[in-house]
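Each remark here refers to the structure printed beneath this line.
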Protein chains: 2
Amino acid sequence: MKRNTWQREAVREALGGNDGFVSAQTLHSELRDAGSPIGLATVYRALADLAVEGEADSLQAEGESLYRACTPGQHHHHLICRNCGLTVEIEADAVEQWAQATAAAHGFSQATHVVDVFGLCAACRLAAQGS
Amino acid sequence: MKRNTWQREAVREALGGNDGFVSAQTLHSELRDAGSPIGLATVYRALADLAVEGEADSLQAEGESLYRACTPGQHHHHLICRNCGLTVEIEADAVEQWAQATAAAHGFSQATHVVDVFGLCAACRLAAQGS
DNA sequence: TCTACTATCGATAACGAATCTCATTACCGA
DNA sequence: TCGGTAATGAGATTCGTTATCGATAGTAGA
């Protein structure tokens with residue numbers, strides 16, 4: 001029996017309110033700053049649940065897990081600004097097929113893949129040039 | 001001034017003696033089991049150096065950093081068996097170009113990318129079927 | 001609506017990977 | 001051989017994450 005609690009909903013909303021990837025710790029701080037008495041463990045549990053249910057994407061960076069709300073049910077990858085965290089969801093049929101084909105060519109089955117692109121978004125590039 | 005120590009060489013050899021990716025902790029255990037009195041911090045330092053110098057590749061998995069000896073100086077990706085850790089180095093010019101093009105299309109510059117394929121190698125698939 | 005059941009919460013302890021500290025060691029040029 | 005100093009290593013520390021367990025509060029059924 002799955003229950004709907006305001007805590008879970010708060011995490012979902014806080015996640016949706018961020019453009020890019022955020023850490024569980026950061027999300028917890030934001031919620032506490034906003035006056036919510038939510039616990040850190042609850043934020044971790046909620047994020048893990050959301051990730052399993054496909055409502056959030058997660059990736060590992062610099063030793064911590066980052067999460068982001070994403071369009072559910074659809075396989076996609078991310079183009080992430082390494083400066084401001086701005087994230088763009090990208091489709092990559094070509095890469096999907098390449099991954100499958102490459103795996104098969106080496107005798108591998110049940111292939112999954114990790115594909116993320118990091119760069120400097122237009123705004124951050126201009127800001128860097130201006131300084 | 002860079003110095004050559006037996007510890008650094010021991011890490012290099014231990015890394016080369018493994019087919020797939022191994023964690024710093026595992027490598028340290030192996031070295032200690034083999035009778036080497038090398039310290040954990042030294043293993044971490046040596047691995048970080050090797051990664052910087054291009055003699056080792058690293059990737060994040062399950063909350064820890066994994067390392068592997070690799071052909072230096074050449075950009076490539078990995079096809080990794082999620083069961084036995086067997087790793088195959090793969091070239092992916094198509095993916096390189098796709099990543100650059102996609103980043104550029106969204107206004108991103110200085111694009112780098114993370115591309116790894118996980119699967120079940122032929123031997124592990126057969127073993128799984130046999131059981 | 002009321003009640004019982006139990007999923008969920010949350011403070012905190014525990015855990016583990018990675019890093020830092022600093023006294024000691026030993027590499028290497030002179 | 002000698003001295004400066006890079007490198008080492010045991011242990012402490014940091015930090016993100018997970019486990020524990022009593023308290024809390026959704027939810028189904030009476």
Report the nucleotide, chosen from [options], that has the shortest atom-to-atom distance to any side-chain atom of [X].
X       : options                : value
A/Asn4  : D/dT17, C/dA11, D/dT27 : D/dT27
B/Lys2  : C/dA18, C/dA11, D/dA7  : D/dA7
A/Ala41 : C/dT12, C/dA17, C/dC27 : C/dT12
A/Tyr44 : C/dA17, D/dT17, C/dG10 : D/dT17

How would you label the contact of [X] with the nucleic acid (heavy atoms, under 4.0 Å): base, sugar-phosphate, or nothing?
X       : result
B/Gln7  : sugar-phosphate
A/Thr42 : base
A/Ile38 : sugar-phosphate
B/Ser23 : nothing
B/Arg8  : sugar-phosphate

Any B/Ser65 side-chain N or O less than 4.0 Å from OP1/OP2 of C/dA17: no
Residue-phosphate contact under 4.0 Å: A/Arg3 side-chain N/O, C/dC5 OP1/OP2: no
Could you give the [atom1]-to-[atom2] distance, from [X] to [N], as a whole number of Å?
X       : N      : atom1 : atom2 : answer
B/Tyr67 : C/dA17 : OH    : C1'   : 11 Å
A/Glu62 : D/dT14 : CD    : C1'   : 16 Å
B/Glu64 : C/dA18 : CD    : C1'   : 11 Å
B/Gln60 : D/dG16 : CD    : P     : 15 Å
B/His28 : D/dA10 : NE2   : C1'   : 10 Å
A/Leu40 : C/dA13 : CG    : P     : 14 Å
A/Trp6  : D/dT27 : CH2   : C1'   : 19 Å
A/Leu47 : D/dG16 : CG    : C1'   : 13 Å

Considering all heavy atoms, the nearest B/Asn18-B/Ala14 contact: ND2-O, 3.0 Å
Closest contact, heavy atoms only, A/Ile80 versus A/Gly85: CG2-O, 4.3 Å
B/Glu96 versus B/His113, side-chain donor and acceptor atoms under 3.5 Å: yes
Distance-only donor-acceptor test, A/Arg45 side-chain atoms vs C/dT8 base atoms, 3.5 Å: no
Under 3.5 Å donor-acceptor, B/His77 side chain and B/Val115 backbone: yes
Heavy-atom donor-acceptor pair, A/Arg82 side chain to B/Gln110 backbone, under 3.5 Å: yes
salt_bridge(B/Glu53, B/Lys2) N-O dist < 4.0 Å: yes
Can you check nucleotides 1-3 of chain C for protein contacts, nitrogen or oxygen pairs under 3.5 Å, and list what you find?
none

Passing candidate, side chain to side chain donor-acceptor pair (under 3.5 Å) with B/His28, options B/Gln25, B/Arg32, B/Glu30: B/Arg32
A/Leu86-A/Phe21 co-clustered via ILVMFWY side chain contacts under 4.5 Å: no
Residue closer to the 5' end of DNA chain C, B/Thr5 versus B/Ala24 (nearest nucleotide): B/Ala24
